[in-house]
Amino acid sequence: GAVNNPVVSTYSFRNGETVDLSSWPKAKILWSPRLGFNWDVKGNKSLTLRGGTGIFTGRIPFVWFTNQPTNSGMLQYQLAISSGATPTSNAQLARIPLYADPTKLLQDGTISDIFPKQNVVGGKIAGIDKNFKLPQVWRTSIGADIKFLDMLLSLDAIYTKDIHSIYFDNINWAAAPLTVTLGNTTIPYYYNTPAKYITSPYQNVVIMRNTNKGQGYTLAAKLDLPRFAGFTGTISYSKTWGEEVTNKSGSDPFSAWQYRIMSGDPNAQSLGLTAYNTPNRLVVSLNYALKYNKFETDASLFYTGNSGYAYSYIFGGDANGDGTTSNDLMYIPKTQSEYIWTSQADADAYFAFAKQDKYLSKHAGEIAKRNAAYEPWYSRFDLRITQDFNMQFGKNNNKLQFLADFINFGNLLNHNWGLNKSLASSANAPLIVANYPNGRDAATGLLKVSMRKIGTSYMTSTFQDPSTISGLWGIQIGFRYNFN
């Protein structure tokens, strides 16, 4: 249940907001009306239209609910004293008696300053908005099944709009006293000191709230090919796109708020693309079956091609001075004058790197968007061959099957085929901001940056060839005996 902290409720935070941890959000009825249809247009199933619209209600990881009592400042107290760290630490260790029953440490009044009997004021607090609702989306779909020339074409489109999504709001986060100039725009620049918090001695006070920002769609098409001379096959294509405020990763609200990839104000409900977008995906399968006497041979060739994994271009280091590194979206410079470079060699190395990078060269003069860049097209052929032997024992017809799977079959045929490139280590953070407080030039408001190096050499390529055997071809061989 809820655990009250009577002390924190006496403090006020941004815009005078207070935190009440004594209760949960009130129970609410969440209606999920839906409407669907399936229409055989011509009455012979040659053209079928289907679709629907409605509201869908989901759940969240319940650990986000338990964060309120466990981070109320009432249940947990962490004490760490290191020998030799400071004279104070040594003095505290010398005062702690050795008890067979460790609970007596809490009862010993002479060391109550080390083991307090009451909650310690301050620290981090997690709460839930009293009007919080479980996630809901409005989803609409439309589809068609079309039969022609012994083939079946299926078309589908789905659109989803967030009604009650989730974001995390730090109500103890102070307004930034400075700004950083990025091209033609500015972003807040904070002091990475206790002054970044509104109310002392509390630090991050993060409230889980709802937002209606976020949407996405899926388009899909599938064609079932006719059977011809032992051949069958399918061709399918899909496209997905979605944007959201929070990527909703992590088990506690502090990391979900702190490490969200964004630009500027960590509390802003700014939208970014989801990490699971697949702009284009193509799957083709071709099967051949041959039966003769008591034998049957099957061969299946599969092709999978899709856009690579999504990633974000970010600064290496802390670009907005909030104390969190590697979560600030990178400004892509058009000219050298938009940053203060450690050296001319750093500037030259970056622009050479950006020239070979598709996303950086296309979006110069912009702040990169979250998860808007993609690894190169992923392409792979797989082959499966099975050989069946029909065997009769008395009145029973049994089957012995041998099978072989050729994984990444193209790479087996030619060592230059099927090699899918991936993002090189830290290639999505080519610019490194100087450590706080030296990352911002006081006179100009520009960031001080250097170009990333691998060892002693500047980074020159965004992507790399497979570095493990998982990117090469492989063979799996097996057999199976079926009793009838």
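In what follows, every heavy atom counts, from backbone to side chain, and hydrogens, waters and symmetry copies are set aside. Not measured: the values here are computed from a predicted model.
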- Report the residue from I171, V8, V19 that forms a side-chain contact (heavy atoms from CB on, under 4.5 Å) with Y202. V8

- Item | Exercise: identify the closest heavy-atom pair between D318 and G323 | OD2-N, 2.7 Å

- Query: Should I114 and I81 count as side-chain neighbours, where that means a heavy-atom distance under 4.5 Å?
  - Reply: yes

- Please report the shortest heavy-atom distance between S89 and S82, naming the atom on each side. CB-O, 3.4 Å

- Item | Ring centroid separation Y311 to Y313 under 6.0 Å | yes

- Message: We want to know whether T160 and R139 form a side-chain donor-acceptor pair, criterion being a heavy-atom distance below 3.5 angstrom.
- Response: yes

- Query: Does the side chain of N327 pick up a donor-acceptor pair with the side chain of T324 at under 3.5 Å?
  - Reply: no

- Item | Distance-only polar pair, side chains of Q215 and E244, donor-acceptor under 3.5 Å | no

- Item | Heavy atoms from other residues, nucleotides or ligands near CZ of F56 exceed 12 (cutoff 6.0 Å) | yes

- Search all heavy atoms of A427 against all heavy atoms of T462 and return the closest pair with its distance. CB-O, 3.4 Å

- Message: Under 3.5 Å, is there a donor on one side chain and an acceptor on the other for Y11 and N172?
- Response: no

- Decide whether T57 and Q136 meet the rule of one side-chain donor and one side-chain acceptor closer than 3.5 Å. yes

- Task: Assess the pair W64 and F168: is the distance between their ring centroids shorter than 6.0 Å?
- Result: yes

- Message: Regarding D113 and R95, does a basic nitrogen lie under 4.0 Å from an acidic carboxylate oxygen?
- Response: yes

- Item | Minimum side-chain heavy-atom gap Y331-I187 below 4.5 Å | no

- Message: I'd like to check Y303 versus V283 (side-chain heavy atoms, cut-off strictly below 4.5 Å). Are they in contact?
- Response: no

- Message: If I take atom NE2 from residue H363 and atom CD1 from residue I332, how far apart are they, to the nearest 0.5 angstrom?
- Response: 7.0 Å

- Quick one: ring-ring contact (aromatic ring centres under 6.0 Å, His included) partners of Y189, sequence neighbours excluded? none

- Query: Distance from W377 atom CH2 to R281 atom CZ, nearest 0.5 Å?
  - Reply: 9.5 Å

- Query: Under 3.5 Å, is there a donor-acceptor pair linking the side chains of N267 and W257?
  - Reply: yes

- Message: Looking only at side-chain N and O atoms, does K130 offer a donor or acceptor that is under 3.5 Å from a partner on S23?
- Response: yes

- Message: A side-chain contact here means heavy atoms from C-beta on lying under 4.5 Å apart; do D169 and V206 qualify?
- Response: no

- Query: Does the side chain of I407 reach to within under 4.5 Å of the side chain of L472, using non-hydrogen atoms?
  - Reply: no

- Message: Would you say T86 and T88 are linked by a side-chain donor-acceptor pair, where the criterion is simply a distance under 3.5 Å?
- Response: no

- Query: When rounded to the nearest 0.5 angstrom, what distance separates CG in N277 from CG in N371?
  - Reply: 7.5 Å

- N306 and T278: side-chain donor and acceptor closer than 3.5 Å? no

- Would you please indicate yes or no on a ring centroid separation below 6.0 angstrom for Y217 and Y159? no

- Is the closest side-chain heavy-atom distance between I60 and I166 below 4.5 Å? yes

- Query: For atom CZ of F463, is the number of surrounding heavy atoms from other residues, nucleotides or ligands below 6.0 Å larger than 12?
  - Reply: yes

- Task: Taking atom types as modelled, find out whether T140 and T53 have a side-chain donor-acceptor pair closer than 3.5 angstrom.
- Result: yes

- Query: Are more than 12 heavy atoms from other residues, nucleotides or ligands located less than 6.0 Å from atom NZ of K28?
  - Reply: yes

- The ring-ring contact (aromatic ring centres under 6.0 Å, His included) partners of Y190 (sequence neighbours excluded) come to W173

- Query: Would you call D156 and R50 a salt bridge, using N to O less than 4.0 angstrom?
  - Reply: yes

- Task: Decide, yes or no, whether a salt bridge links D357 with K355 under the criterion of side-chain N to carboxylate O below 4.0 Å.
- Result: no

- Could you tell me whether Y309 and Y374 have their ring centroids closer than 6.0 angstrom? no

- Message: Assess, by modelled atom type and distance only, whether the side chains of N67 and D252 contain a donor and an acceptor separated by less than 3.5 Å.
- Response: no

- Note on the structure: Between L21 and A2 the two heavy atoms that sit nearest each other are O-CB, 3.6 Å

- Message: How close do P333 and L431 get, counting heavy atoms only, and between which atoms?
- Response: CD-CD1, 4.4 Å

- Query: Do the non-hydrogen side-chain atoms of M262 and D328 ever get within less than 4.5 Å of each other?
  - Reply: yes

- State whether a side-chain donor-acceptor pair under 3.5 Å links S450 with Y350. no

- Do F353 and M459 come within less than 4.5 Å of each other through their side chains, counting heavy atoms only? yes

- Item | Ion pair E17/R209, N-O distance below 4.0 Å | yes

- Salt-bridge contact D322-K196 (side-chain N to carboxylate O under 4.0 Å): no

- Measure across F351 and K334 and return the closest heavy-atom pair with its distance rounded to 0.1 Å. CE2-O, 3.9 Å

- Item | Interatomic spacing from CD1 in I55 to CG in L35 - rounded to 0.5 Å | 12.0 Å

- From R260 atom CZ to Y167 atom OH, the distance as rounded to the nearest 0.5 Å: 10.0 Å

- Query: Under the 3.5 angstrom rule, does the side chain of R370 hit a backbone N or O of V245 as a donor-acceptor pair?
  - Reply: yes

